[in-house]
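Single-structure report; data block below.
Lettering of chains follows the sequences in order, A, B, ..., and the numbering in each one begins at 1.
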Amino acid sequence: MTETRTLMGMTITVEIADTSASKDILDEVFAFFEYVDATFSTYKDTSEITRINKKELRPADYGEDMKTVLALSEQTKKETNGYFDIIAPDGTYDPSGLVKGWAIYRAAQLLEQRGMKHFYVNAGGDIQTRGKNNAGEKWSVGIKNPFNTKEIVKTVFLQNEGVATSGTYLRGQHIWNPKKRSEALTEIVSITVIGPNVYEADRFATAAFAMGKDGIGFIEKLSGFEGYQIDKNGMATMTSGFEEYTNAHA
Amino acid sequence: MRKFFLSSSVIALFALYVLFPRPRAEDTHAIIPSLANENKKQSRPVAGIPATITPPNILAPTQVPVQAPKPKPAPTPARVIAKNKPLFKDGEYVGNVADAYYGYIQVKAVIENGKITDVQFLEYPNDRRTSIAINTEAMPLLKMEAIRAQNAQVNIISGATDSSIAFRESLAYALTQAKNQT
């Protein structure tokens, strides 16, 4: 049973291979994403995060999920020596870089709580897999060709892992640096990270991408993570354990 | 440990690779990723976490809550008289600032001879909003390959696609301005 909706400016697909899957469960998952959007979108005037930034809420009034996300942000900040900081110079919070992976992971947990054992949740190309697909095999995940988004350039097989891809938007051979608009970005076009769950994969893919060509080395050093990095010339560099995921029956 | 052995063997292979004339047209080969060694001074970080990190420049558009997309005025189009009345007027047209959730997207469409010849990004979601200097030590040699399109049928596709909706929105706005009347 599969359903796709567009929320939070991206396509979200949930597929459940369990025979006990139901429309109600799918609805519940999408309602959760709507709740996340309404709570954490810094572009919504009424969201909890916006109200916090307007000083309309005191810490004692924060919701449980808000407290969790802020705590996770603080933890990630420490783990990256301050690189991943959701607090802007003016003191406002913007946890959006962390919320996406967290929300996908939480959606997967929700499905588990409803007894689902075989499913995936895909939000904007970041994915949490669980169990097997309808054919009883591992979920096959294609890595999109950053130079031709209708193509895939690699297939990995997952059953309980999370996978996330960070990349630049590009058109033809031009990739613009978001900070210096006149300059084309050099080197890395995308990096895909497989990790123990999508939350971890997403935040480390984000960090690795920001490191440019050094990102794949960062992933190589992280225990439990593998990566596939594509540069502007269409050359890919993979971590030493990555190829194990390309075997459907490994 | 496995990675260490792999590294050692690849180093050995690389030595051979350097000593002997290189064969032509290799598709998959081990080469040294150019992981710069600029910051060797820094101490080794814990668990692969970078030790030296430049403070992020968190200049997100979110600092000031923005009510609605703010279209910017288009620059004056170049005056070119089209004979066959093409779909678009020549010139450069700036799209609106579209919310991509993780940031804003704004594009500029360039029309020449009535056709779109370029689309440039003026604004791009900047959730990777930082520059970072990491402590790069001697890295294991990682396998490289030229990417190649596959025909495989897959259940799911992973890619960075978040921005596409906002991109289309901003481009559509730019082209609205470029459209010839009648």
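Of the two parts of A:Ala205, neither the backbone nor the side chain holds a non-hydrogen atom closer than 4.5 Å to a non-hydrogen atom of chain B. Looking at A:Thr13, there are no atoms closer than 4.5 Å to chain B (heavy atoms on both sides), in backbone or side chain. Using a 4.5 Å cut-off between heavy atoms, A:Ile152 contacts chain B through both its backbone and its side chain. Proximity to chain B (any heavy atom under 4.5 Å) is restricted, for A:Glu243, to the side chain, taken from C-beta onward. Using a 4.5 Å cut-off between heavy atoms, A:Lys138 touches chain B through its backbone atoms (N, CA, C, O) alone.
With sequence neighbours excluded, the residues forming a side-chain hydrogen bond (donor to acceptor under 3.5 Å, both in side chains) with A:Asn148 are A:Glu151, listed by chain and number. Among residues two or more places apart in sequence or in another chain, the side-chain hydrogen bond (donor to acceptor under 3.5 Å, both in side chains) test is passed with B:Gln153 by none.
Shown here for A:Ile127 and B:Ile156, the closest heavy-atom pair between the two residues is CD1-CG2, 3.4 Å. What you find for A:Thr155 and B:Ala152 is that their closest heavy atoms are OG1-CB, 3.7 Å.
The distance from the CD atom of B:Gln150 to the CG atom of A:Asn145 is 10.5 Å, given to the nearest 0.5 Å. Here the CE atom belonging to B:Met144 is positioned 10.0 Å from the CD1 atom belonging to A:Ile216, to the nearest 0.5 angstrom. Note: A:Tyr228 OH to B:Leu142 CG = 12.5 Å, rounded to the nearest 0.5 Å. Here OG of A:Ser140 is found 9.5 Å from CD1 of B:Ile157. Values are rounded to the nearest 0.5 Å.
Here the side chain of B:Asn155 pairs no donor or acceptor atom with the backbone of A:Trp139 at under 3.5 angstrom.
Side-chain contact of B:Ser158 with A:Thr165: a donor-acceptor pair under 3.5 Å is present, judged by distance alone.
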Report task. Go through the steps for A:Lys154 and B:Glu145 under the test side-chain contact (heavy atoms from CB on, under 4.5 Å), then give the verdict. Result -> CA-CA 11 Å; A:Lys154 207 76 186 170; B:Glu145 65 185 13; 2.7 Å; yes

